[in-house]
Amino acid sequence: MTEYNPKEIEAKWQKEWERQGLHATPDSIEGKENKYVLVEFAYPSGNLHLGHWYAFSIPDVYARLLRMQGHNVLYPMGFDAFGLPAENAAIKRQLNPRTWTFDNIDYMRRQLRSMGVSFDWSREVITATPEYYKWTQWMFLKFLERGLAYQSETPVNWCPSCKTVLANEQVVNGACERCGTVVEKRNMLQWNLKITDYAERLIDGIEPLDWPKPIKDAQKNWIGKSEGAEVVFLIAGSEASVTVFTTRPDTIFGATYMVLAPEHALVQEFRSKINNWNEVEEYISKARNKTDIDRNAEGKEKTGVELKGLKAVNPATKEEIPVWIADYVLPNYGTGAIMAVPADDERDREFAKTFNLPIVTGYPKAGLEDFGKKVTKYKLRDWVVSRQRYWGCPIPVIHCKACGTVPVPEQDLPVVLPDIEDYLPSNEGKSPLAKASAWVNVACPKCGGEAERETDTLDTFVDSSWYFLRYADPKNTSEFASKEKLKQWLPLDFYSGGAEHTTMHLLYSRFWHKVLFDLGLVNEAEPYIRRMNRSLILGPDGQKMSKSKGNVIDPDKEVERLGSDSVRMYLAFVGPYNEVSAYPWNPDGIVGVRRFLERVWRLNSKLGGENENSTLLHQTIKKVGDEIASMKMNTGVSALMILVNDWEKKEKVSQEEYEILLKLLAPFAPHMTEELWHTLGHQTSIHTETWPKYDESRLQSSEVIIAVQINGKVRATFSASSTIGKAEVVEKATGLPEVQKWVGDKGVKKVIYVPGKLVNLVVS
RNA sequence: GGGCGGGUGGUGAAAUGGUAGACACGCCAGUUUUAGGAACUGGUUCCGCAAGGAGUGGAGGUUCAAGUCCUCUCCCGCCCACCA
């Protein structure tokens, strides 16, 4: 028997599997059920890091188990190829984003193959290819048709470094999620998708899903449903009124003043009646220029200005109350106006104290709808999808002076992203595409007159909202995917990815899917039934890996040192996959896994024994299958180690049982098991074998160890037949000298017997 | 401020209310006619020579029996956050 040489055998089998097309997945196989295992596709950043290995190789173990258990398993991979990060990286290197991205894809594909993951590359999807984004554009037009895509001039988040607008979800603590630059507010004409129309359904749909509770809660929280009432406050001495939203209409008798957002329309409407207009105007312009960071820095210190000369009437008390503007009232939540109840609301109280406004306590409580009508409000905002950047999917719309906004006719799709020289973003908020005049200037599809193409591109999250549908039918040129093929694979059986997508990709794509469902284009309202967030691999120092900290583990080097199978198996072994946790990479820990694989390799020289059909073997078969299915790979691996530890003590091992071990190990270490399998004389792949079956009746050993407790503390153990009865156990237990020592002459008051496990003797 | 997770050896972690610490790393001792470790054997929760005692952040409780269930409390992490 030769030595275990992973480098050699891994390269050999990767090549051979590819040659055989082992992982190409047909749309259906007679007698097999389809299963769709999905991982978030790769972003072509340029290099595979350990996170990719963790993200792809562990679900691969699961996919391989399902295959061996007789399913037709789709496990695809693709590239989320448009977007800011790739474009920024390309600009930094003075490369065209297209060249940069597609070179990265070629390189990463090769790296991915070294993982020995069973991706079906024949179904690869790349969002930046016209074959793909034709359908992104087509779907966008469907949204437009339905009134779910619209343009509006609204204050948006502008990243001055990336020189583009960002969605709310992409702004973290007032800074750009991608580059960390403080985001500014700008008024710009933007394309939006009406995700708010789906707020209620996005909340309702989430309940029955098999998702971890924290993700469900986070999404519900982000959508932020609150039930309350809208109450109309009249402006004294005028016909005008202001509607406020409150979740506590019962406190209306305590409302002693009202506050509007500085941006509220009423302020401008009454500008001539406001006595201190200069002061008010100054406050408004200050509030407008404040970034979210500034606002946070001020903490909870309240600022505001009274609109002097204006009074509102509290509909409950009929009293005239002052009207203020303050930036703690947000323009885009509720109605942009509140009734302030300083006795009951902490923020209102603080504001009232700062400006000496009246606080009344002990007021009567009102009924829910006495003074207003019941309404529901959401924190969720519409999804701003315009990006003033080159590297994205063109928005398929033409602006005509005569006809207005005209959709690009379906037969003209895709609107191909042109190759341009100057792709740098501009400070004015104009897409670089605006400079490609040959591309921009077109005839209006409606009237034939002069018209211009929309030059903004779509947010990358639009591209990734439906990629998993394309895998079902990746070569289709007449539809994004046929409904029949979609039916064969969807909804997904399993979707694994990062927690950072909870309120972004996972929310956007659910929304997208619901719209497609309403359009009759997909068969189900929810795309992902089972979702799992993976945990995180940290550097050896327990810190998040980063180049600046110098704690980055390069998977290529680990593969070179110990082999792909060792890397995969170590990642499986560090801890449960399905937990929001983080595991430090232990360079010695992976060596332990390599040692285990070598032990399995060496067992080969002990072959020739008789079948033992041991309890341990049956228990291991059950355990490994169960643990992989629940993504608790760590305990699955340890079960295999226990079996191997046991066999190592034996003189001989039966070949048939050794082959069972190899099959159990195959999902974790696909290369090594394949090599050993062929060494044993098999001609076909171990990965097409069926998963070993265990015998239920062999799970329980005939010999058991009974623990004897005195008052709940273990004082002795003895072994006995598993069929031993209570009376006999008590007799044996009380006969033991170390038990008698504790019982003494006190006598046994009570006996609890747990069959085959323990007996507890209660003594005085 | 709101929401959600967690606290178990030196480390990663195991434990349907039923022998806490499986499995692995590290460490210690030894073996292999040099060395090395990605080899082998044994040991390794803490205190104690031992008998024994203590022990899953802390304090109570339920139970024959609690890491697991209940009450209170401390600490840590993540997400959202002036959302009316």
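Chain A is the first sequence line, chain B the second, and so forth, proteins listed ahead of strands; every chain is numbered from 1.
In this structure A:E369 satisfies the salt bridge (Lys or Arg N to Asp or Glu O under 4.0 Å) test with no other residue, sequence neighbours excluded.
A 6.0 Å sphere centred on CD of A:E731 holds no more than 12 heavy atoms belonging to other residues, nucleotides or ligands. For A:K374, the NZ atom is loosely surrounded, since the number of other residues' heavy atoms within 6.0 Å does not exceed 12.
Rounded to whole Å, atom P of B:U41 lies 7 Å from atom CD of A:E648. One can place NZ of A:K749 at 14 Å from P of B:A65, the figure rounded to the nearest angstrom.
Phosphate contact (OP1/OP2 of B:C79, side-chain N/O of A:K213, threshold under 4.0 Å): absent. At B:A84, none of the side-chain N or O atoms of A:Y328 fall inside 4.0 Å of OP1 or OP2 (strictly under the cut-off).
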* **Heavy-atom protein contacts under 4.0 Å, nucleotides 6-25 of chain B, coded B base, S sugar-phosphate only, - none** => ------BSS---BB--BBSS
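Residue contacts for A:W742: at a heavy-atom cut-off of 4.0 Å it reaches the sugar-phosphate backbone alone, with no base atom in range.
A distance of about 23 Å separates the P atoms of B:A20 and B:G12, rounded to the whole Å. Rounded to whole Å, the separation between the C1' atoms of B:C79 and B:G10 comes to 32 Å. When the P atom is compared between B:G18 and B:A65, the two are found 14 Å apart, to the nearest whole Å.
A salt bridge does not link A:K732 to A:E728: none of the charged side-chain nitrogens sits closer than 4.0 Å to a carboxylate oxygen. With salt bridges taken as basic N to acidic carboxylate O contacts below 4.0 Å, none links A:K622 and A:E696. With respect to the salt-bridge test (charged N to carboxylate O, under 4.0 angstrom), the residues A:E350 and A:K353 do not qualify. Salt bridge A:K7/A:E560: present, at least one basic N to carboxylate O contact under 4.0 Å.
At a cut-off of 3.5 angstrom, the base of B:C82 holds at least one donor-acceptor pair with the side chain of A:K302.
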* Using Watson-Crick and G-U wobble pairs whose two distances are both under 3.5 Å, how do you write the pairing of RNA chain B as dot-bracket, with | for links to another strand? -> (((((((..(((.....[....)))((((((.......))))))(((....)))..(((((..]....))))))))))))....
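A heavy atom closer than 4.0 Å to some atom of RNA chain B occurs in A:P214, A:D217, A:N221, A:W222, A:S226, these being the qualifying members of residues 214-229 of chain A.
Evaluation of the side chain to side chain donor-acceptor pair (under 3.5 Å) test over residues 567-592 of chain A, restricted to residues two or more places apart or in two chains, returns A:D60-A:R568. Legend: salt bridge (charged side-chain N to carboxylate O under 4.0 Å, His left out) pairs involving residues 748-764 of chain A, not counting sequence neighbours: none detected.
Note on ring orientation: taking the six-membered ring where Trp is involved, the planes of A:F351 and A:F355 are tilted (angle from 30° to 60°).
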* Go through the steps for A:V156 and A:K185 under the test side chain to side chain contact (heavy atoms under 4.5 Å, CB included), then give the verdict. => CA-CA 5 Å; A:V156 288; A:K185 290 278 172 202; over 6 Å; no
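Its glycosidic angle being within 90° of 0, B:G9 falls on the syn side.
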